[in-house]
Amino acid sequence: MGEIRTGRFKRRRRDFEDDLAEQSNVQFHEEVDTSSTEQKEPLKAELDDPTELRLGNRIRLENDVPRANFEDLRRISRQEYLSKREERQVLLLQAELQDFEWEIEQIGWDRLTTKEQQEYKFKKEIFSTIQERWEIEQDMETHYMLPDDYFTEDGKIDKKRKQDTLHSKYNDTAVVDWEADQMRKAVKADTRVPEKEYEFVFDSSQAVEFVSDPVDVERERLEELIAEEEERIKTIDETRKSLPVYQYRDELIKAVQEHQVLIVVGETGSGKTTQLPQYLHEAGFTKDGKKIGCTQPRRVAAMSVATRVADEIGTAVGDKVGYTIRFEDRTSERTILKYMTDGMLLREFLTDPELLSYSAIMIDEAHERTLSTDVLLGLLKDIVAYRPDFKLLISSATMNAQKFSDFFDGAPIFNIPGRRYPVDIFYTSQPEANCLHAAITTVFQIHLQQDPGDILVFLTGQDEIESMADNLAETCLKLGDQIPELVICPIYANLPSDQQRLIFEPTPEGARKVVLATNIAETSLTIDGIVYVVDTGFVKENVFNPSTGMESLEVKPCSKASADQRAGRAGRLGPGKCYRLYTKWAYLNELAANPTPEILRSSLASVVLLLLSLGITDLLNFDFIDKPAPDTLIKALELIYALGGLNENGELTKVGRRMAEFPTEPMMAKTLLTSSELHCCQAVLSVVAMLQEAGSIFYRPRERKEQADKARQQFVQTLGGDHLTLLDVWTKFVENGHSVQWCRDNYVQYKSLLRVRSIREQLERMCERMGLLDNETDLEHDRLVVGVMKSVVAGFFVNAAQLSKTGDAYRTMKKNQAVWIHPSSVLFGLKPPPKLLIYNELVLTSKEFMRTCIPVHEKWLREYAPHYYSDK
DNA sequence: GAGCACTGC
């Protein structure tokens with residue numbers, strides 16, 4: 001019986017092949033008649049014209065293979081970018097599978113021979129792998145991120161090159177490579193099989209032979225792989241069930257069904273972030289075509305959580321599970337679980353103010369109280385009120401749960417225990433006068449007296465980290481062989497990434513690693529192997545003063561929540577110890593419970609503009625979980641009004657709506673909008689993008705200050721101030737092909753310039769869409785400089801300062817406040833000093849400094865801000 | 001002649 005079946009398979013198969021061959025011929029002839037004579041041309045024409053291909057396939061297949069699944073074939077055919085060759089093989093494979101299925105229907109699965117069953121499974125597996133890959137590739141077409149070098153010299157996207165690259169893999173050889181690669185992976189461990197033989201799957205003539213081949217190494221391998229995959233799925237399932245959150249699954253689902261808002265308190269390791277959205281999905285919250293969204297305060301978190309959940313569900317990232325972060329959208333119309341940064345959800349309000357595409361939202365890590373989370377909470381409270389079908393989950397640490405519950409009118413709090421190892425906490429018996437010194441001593445005490453395990457020290461900033469590193473190194477050098485080796489690893493956000501990577505290197509045998517970190521190690525990154533934490537108990541916090549518009553970075557005692565978070569870093573993989581360099585009394589009585597929420601210490605210009613554009617005008621009564629000072633809101637409104645974003649009636653103007661669209665501060669947006677009128681949008685785009693990273697462009701290591709300063713000199717544009725100096729850095733970076741080496745040679749931070757490029761790209765796309773690039777003309781250098789300066793004036797006139805009569809300081813135009821040029825500015829110490837300048841930001845350190853300045857003419861202020869400076 | 005904690009759009 002088996003023989004007969006095989007025979008028929010072969011026959012049917014051949015028929016099918018003939019059909020396909022005939023069809024290609026028809027296509028070929030048609031093309032010869034109309035156009036080129038080259039053999040390759042018709043295929044190319046086919047690829048260019050998807051309708052041609054679709055039509056051709058459908059007609060032939062419908063007529064001749066009545067049992068074929070036409071919907072699927074059509075869908076496959078629609079993938080017009082696939083090469084003819086690959087497609088043909090797949091169609092053959094599918095036809096074979098259909099024959100099999102027909103057979104199974106007739107006689108039943110159990111009556112197939114083992115070999116036939118295996119063959120069917122094997123082919124099915126391959127077929128679904130291909131389908132999966134196509135789907136992924138289709139995604140790539142839409143969401144493909146441009147690699148570094150797909151830009152033409154003038155900074156535009158090199159479309160041809162991009163397309164070439166996207167399609168290059170469909171060249172004949174590339175396809176073979178992919179196949180070979182897939183198969184090579186499948187038979188990785190076995191070298192006995194010559195490579196040629198396992199190309200059979202896509203080579204019809206050999207495939208038949210293979211089927212009847214009694215010694216079948218590859219298939220065994222593949223089955224092993226399938227078994228492994230099954231095992232993996234089982235393991236995933238077991239892991240999911242072993243999470244603390246699992247035993248509350250049904251209760252949680254019930255709670256969500258009964259209450260619209262639920263506060264979930266889940267400690268680290270409870271599995272809430274990955275599991276809760278899945279539970280909602282399993283409970284049917286995605287049935288009506290709506291999504292479940294989950295926000296994260298950080299980009300990496302959104303990416304990695306989405307990846308893990310996709311793995312658990314068994315889909316590709318971007319399919320059922322996806323994520324959206326700035327510069328990268330890995331979602332599709334099939335996505336039902338969407339992870340994203342909180343800022344991204346906030347932006348979504350601009351296009352979908354009622355979040356109608358979501359049935360539920362989970363705000364994760366709400367206790368961190370980022371600016372975006374706080375604004376979201378206010379907006380979501382509204383949605384909850386007028387969309388009874390909408391569910392909201394707030395996940396928080398224990399400390400803030402009650403506050404969230406109160407904010408949402410007594411929403412129930414659901415507790416999920418975490419899974420963490422115990423951490424012994426030690427306090428000093430009396431306050432330490434010099435905490436840096438105390439930290440060094442503590443490190444050596446641990447090093448000499450305690451069991452193996454790495455140490456993590458929390459310090460306030462780069463300065464402290466560097467001097468402690470020096471001190472530790474010096475002491476180690478003095479002690480020499482008397483103590484075991486101590487590996488010192490500094491880590492802070494501004495450290496170049498190659499040096500950052502050092503903290504992840506495994507500690508050598510017999511040595512101990514000591515990581516000196518800012519609070520980057522509190523939430524943003526986790527380091528394995530940490531057993532001891534030394535906590536100095538301080539943080540640097542940025543505070544914004546609305547009345548002066550001045551920022552200052554202040555060293556403050558950290559909060560209890562931070563201290564606990566820091567201690568927790570010792571108990572990730574096993575029991576740990578935390579040494580706090582302050583007294584228990586201080587912990588209990590002097591530390592605030594939580595850090596000051598960002599919304600209470602930032603400029604709110606962007607937030608206010610966003611709320612205005614959502615139609616929320618009564619800002620003073622907007623339901624913030626912590627209301628910002630009215631003064632801060634009023635200052636923001638005044639600024640938006642001065643920029644022309646609001647009219648006398650308090651309504652948003654066209655300019656205001658456009659400014660709101662830009663993912664920048666309103667002043668930056670206004671600068672961009674004006675640059676279009678001055679025909680210099682491209683240059684201003686570069687300046688604005690550079691300004692976002694202005695603080696971290698130049699790299700100035702302590703030991704090579706002179707070289708770094710010298711390298712910086714080549715960019716200095718005294719007359720154009722810091723803005724045009726930054727523009728020059730950008731231009732040269734582009735001229736040098738975005739080279740890492742060039743950055744190293746010139747003491748410029750590559751990482752920052754990469755970010756600048758992404759930002760610039762995004763802003764350029766927006767400018768293009770708004771038609772701001774239509775006015776662009778080639779300006780000669782001097783006129784370009786004036787254009788840039790005037791654009792800056794139009795956006796930043798509020799930040800004008802003029803030289804005081806004595807000539808030693810500046811006075812802000814509006815408030816007559818004494819300010820100084822920051823020593824890092826190219827205008828610092830210039831003779832004669834510019835009479836009038838505009839600063840990008842005002843910072844209070846040892847003095848009131850203007851950071852990033854540009855000299856301007858007084859008449860430009862009259863031209864662009866007559867309403868603001870009318871009396872002068 | 002100073003000193004930039006950390007995120008995010």
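Numbers restart at 1 for each chain; the letters A, B, ... are given by sequence-line order, proteins then strands. Worth knowing before you read on, the calculation uses all heavy atoms, side chains too, and leaves out hydrogens, waters and symmetry mates.
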Undergrad: side-chain contact (heavy atoms from CB on, under 4.5 Å) with A:Cys294: which of A:Lys338, A:Met362, A:Met340?
TA: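 Of all the options given, the one that passes is A:Met362.
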Undergrad: Just call it for A:Ile325: base, sugar-phosphate, or nothing, with non-hydrogen atoms closer than 4.0 Å on any strand.
TA: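 A:Ile325: backbone/sugar contact only, no base atoms under 4.0 Å.
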Undergrad: Is the phosphate of B:dC9 approached by A:Thr341 (side-chain N or O, under 4.0 Å from OP1 or OP2)?
TA: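 A:Thr341 to B:dC9 OP1/OP2: side-chain N or O found under 4.0 Å.
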Undergrad: Take atom CG of A:Leu495 and atom P of B:dC6, then tell me their distance rounded to the nearest Å.
TA: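 Between P of B:dC6 and CG of A:Leu495: 10 Å.
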Undergrad: Figure out the CD/P separation between A:Glu554 and B:dC4, and round it to whole Å.
TA: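 Value for this atom pair: 12 Å.
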Undergrad: Is A:Arg700 side chain donor-acceptor paired with the B:dA2 base, going by distance under 3.5 Å alone?
TA: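 Donor-acceptor pair under 3.5 Å: yes.
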Undergrad: Among B:dG1, B:dA5, B:dC4, which nucleotide has an atom closest to any side-chain atom of A:Asn542?
TA: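 Minimum distance to the A:Asn542 side chain belongs to B:dA5.
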Undergrad: Taking any heavy-atom pair under 4.0 Å as a contact, classify A:Gly695: base, sugar-phosphate, or nothing.
TA: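 Touches a base.
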Undergrad: May I ask you to say what A:Phe662 touches in the nucleic acid, namely base, sugar-phosphate or nothing, with a heavy-atom cut-off under 4.0 Å?
TA: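 No contact at all - A:Phe662 keeps every heavy atom at 4.0 Å or more from the nucleic acid.
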Undergrad: Testing A:Asn746, A:Ile697, A:Val756 one by one against A:Val729 for a side-chain contact (heavy atoms from CB on, under 4.5 Å), which residue passes?
TA: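 Passing option: A:Ile697.
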Undergrad: Pick base, sugar-phosphate or nothing for A:Ser524, based on heavy-atom distances below 4.0 Å to the nucleic acid.
TA: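 Sugar-phosphate, no base atom in range.
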Undergrad: Need one value for A:Thr370: base, sugar-phosphate or nothing, where a base atom within 4.0 Å counts as base even if backbone is also close, heavy atoms only.
TA: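 Nothing: the residue A:Thr370, judged by heavy atoms under 4.0 Å, touches no strand.
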Undergrad: As a test of understanding, state which of A:Val534, A:Thr518, A:Asp535 forms a side-chain contact (heavy atoms from CB on, under 4.5 Å) with A:Phe458.
TA: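 Considering A:Val534, A:Thr518, A:Asp535, a side-chain contact (heavy atoms from CB on, under 4.5 Å) with A:Phe458 is found only for A:Asp535.
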